[in-house]
2 protein chains.
Amino acid sequence: MPKTEQTQPPRTYSELKTWIQEHYDSLPKRLQSVAAFALDNPDVVALKTIAIISEQAEVTDSTLVRFAKSIGYDGFTDMQSVFQESMRYIPQPYAQRLNRLETDSQSEQSALHKFSQAASNSIHKLEQQIDEKDILKASELLSKARTIYIAGAGRAFPVTTYLHYNFLKMGIQAVIIDGISDTMTEKAKLIRKDEALIAITFSPYSAHTKELVDTCLVNEVPVVAITDSTLSPISRSDDLHLEVVEEEVSGIRGLSATMCLALCLAVETGKLTSKLTPKT
Amino acid sequence: MPKTEQTQPPRTYSELKTWIQEHYDSLPKRLQSVAAFALDNPDVVALKTIAIISEQAEVTDSTLVRFAKSIGYDGFTDMQSVFQESMRYIPQPYAQRLNRLETDSQSEQSALHKFSQAASNSIHKLEQQIDEKDILKASELLSKARTIYIAGAGRAFPVTTYLHYNFLKMGIQAVIIDGISDTMTEKAKLIRKDEALIAITFSPYSAHTKELVDTCLVNEVPVVAITDSTLSPISRSDDLHLEVVEEEVSGIRGLSATMCLALCLAVETGKLTSKLTPKT
DNA sequence: TATAAAATGAAATATTCATTTCAAAAACAG
DNA sequence: CTGTTTTTGAAATGAATATTTCATTTTATA
């Protein structure tokens, strides 16, 4: 029989979480599976039955009960109640309304709340406002490129590195264009017709990136632009531009929606590329 | 036998609510009790058993079952599942659409929709699961540092650059630690007690970052960790770790929620720093 | 490698739970 | 009132669930 904790088991979710973190390493393999699953899917543990949970966590029924007992609970039911309590008093439908009300009335709101709200809104707007076909066109263009160059400085730089990372992971040759303004333009001049450029700029616009785009367009290099407005200097009729507007909170803009768009672009490009080159 | 609705019962909480409001007046007395109780205590209906609910609503077991059937459900269990789903982190309207789309149109959903959905969900989870105090503690710690060092490679690198950008914009000295593994550890050894480190890692974990964290902790350098699980090797009891779980779409994870958290951390740190140094 | 200890899965058991049944009470119509 | 229908509650039934047991496998230890 496995040793069971003598002390009283955690009676709140956050205590339980702490317990799991502290004991995870010393837990048997299957119990670790349960631990990881529980932390990842607390709602499933709270609402479903042993049979369903154990199936999803890929363990047997007994293991779930053992897990609960090893923490010190009477059994699974006892532990489940802790997960359930953690969900209560935060009913989803009310939470939404509360959000709106509080946003209007109380100016002193937690930063996390304000920013996550803004991020969430921005993502929804993105989904509604962007034309799916534009993303597909862009990825088609990119999938044909031998090498994808990516440029975007300042606030756009994280997007640049994110795209770069994703392309590389998908086996697509990608290069970041950075450095001093002069050097960047020099680098851009060397990009060939069968390659492509992704340029990311937000207001306040960096003149460098605009220069880069122009250079490429002159050389007939395909350009995909990610901007926060069609009025952005780098959006022109002869390139493809994808527009993301990040909602601002007291003058500060996030990047959540932009990152989402970037991921989409990368994934779609990846799909097409793998079709073009069936065997790696 | 009581008349039962012939039409299909509501499959979302908000539909169910509407149904109850519309039929309330024509319901028998005890069923009215149940209706009122259910609208007032949806969480109890979602989580507890017939016995407990009927006791709290001051009706008998049978009445509860009858109530469910009179709406058109198979039985109480069927109705309860609607209440349960309303508590989960899956936003109601989309879950519905997804189900329908998946059933008839072969799960061929636009990538943009899937990713923005995942991003949005991740942000909501972040908001609910993270402890606001942890962010404040972390920013307090960071605001006291003369220089903030930031480390995070691979998928975490965009987060690193984002934090770096924001700190600099706020007039906070920040340095990115990158380069070859060996060099990184060397750099970390030079960080002093009155400085701080932010480490960002996601699974699959890079061993380098863990090494970095350990080095700093040994030297008593304050460490703030951003990870995607409390089981991450860099989360330890003696540092501050902030947890973000990005929902995955066919194995691919975004960064939207993480970026949101990063922004919060930077902004809170900025606030505190400006208080500490009133005049620049 | 041999032995003990721990972990695990499958099946049996016991419990809890939802559902149905049926008789009594209440409401209603003539 | 009287007979009929609807509503209701208590108990019986049947189904699902959690828990325990035990044989087997795995892991650790000497």
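Keep in mind that what you see is a predicted model, and the values were worked out from it rather than measured. Below, all heavy atoms of this structure are taken into account, side chains as well, without hydrogens, waters or symmetry copies. Chain A is the first sequence line, chain B the second, and so forth, proteins listed ahead of strands; every chain is numbered from 1.
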* How far apart are the closest heavy atoms of A/Ser256 and B/Met259, and which atoms are they? -> OG-CB, 4.3 Å
* Side-chain H-bond candidate by donor/acceptor type, B/Ser33 with B/Glu58, under 3.5 Å -> no
* Asked: Are any of A/Arg30's side-chain N or O atoms less than 4.0 Å away from OP1 or OP2 of D/dT26?
  -> no
* Find the distance B/Leu27:CG to C/dA27:P and express it as a whole number of Å. => 16 Å
* How long is the line joining CG of B/Leu64 and C1' of D/dA10, in whole Å? -> 15 Å
* Asked: So which of B/Thr258, B/Val244, B/Leu261 actually passes side chain to side chain contact (heavy atoms under 4.5 Å, CB included) with B/Val159?
  -> B/Thr258
* Asked: With the threshold set at 4.0 Å, does a side-chain nitrogen-carboxylate oxygen contact exist between A/Glu268 and A/Lys271?
  -> yes
* Structure fact -> In terms of heavy-atom contacts, B/Leu27 and B/Leu31 come closest through CG-CB, 3.9 Å
* Structure fact -> In terms of heavy-atom contacts, B/Arg11 and B/Tyr73 come closest through NH2-CE2, 3.7 Å
* Provide, to the nearest angstrom, the distance between the CE atom belonging to A/Met79 and the P atom belonging to D/dT17. => 17 Å
* Give a yes/no answer on whether the side chain of A/Thr63 brings an N or O atom under 4.0 Å of OP1 or OP2 in C/dG9. => yes
* **Spacing of A/Phe67 atom CZ relative to D/dT19 atom P, expressed in whole Å** => 14 Å
* Structure fact -> Here the salt bridge (charged side-chain N to carboxylate O under 4.0 Å, His left out) pairs for residues 215-226 of chain B, sequence neighbours left out, are B/Lys193-B/Glu220
* Asked: What string of B, S and - do you get for nucleotides 14-19 of chain C, 5' to 3', if B is base contact, S is sugar-phosphate-only contact and - is no contact with any protein heavy atom under 4.0 Å?
  -> ---SSB
* To do: For the side chain of A/Lys29, starting at C-beta, report the closest nucleotide among D/dT7, D/dG9, C/dT8.
  => C/dT8
* Structure fact -> When rounded to the nearest 0.5 Å, the distance separating NZ of B/Lys187 from CD1 of B/Ile177 is 7.5 Å
* Structure fact -> Bend of the helix from C/dT1-D/dA30 to C/dG30-D/dC1 from end-axis comparison, five pairs per end, nearest 10°, comes to 20°
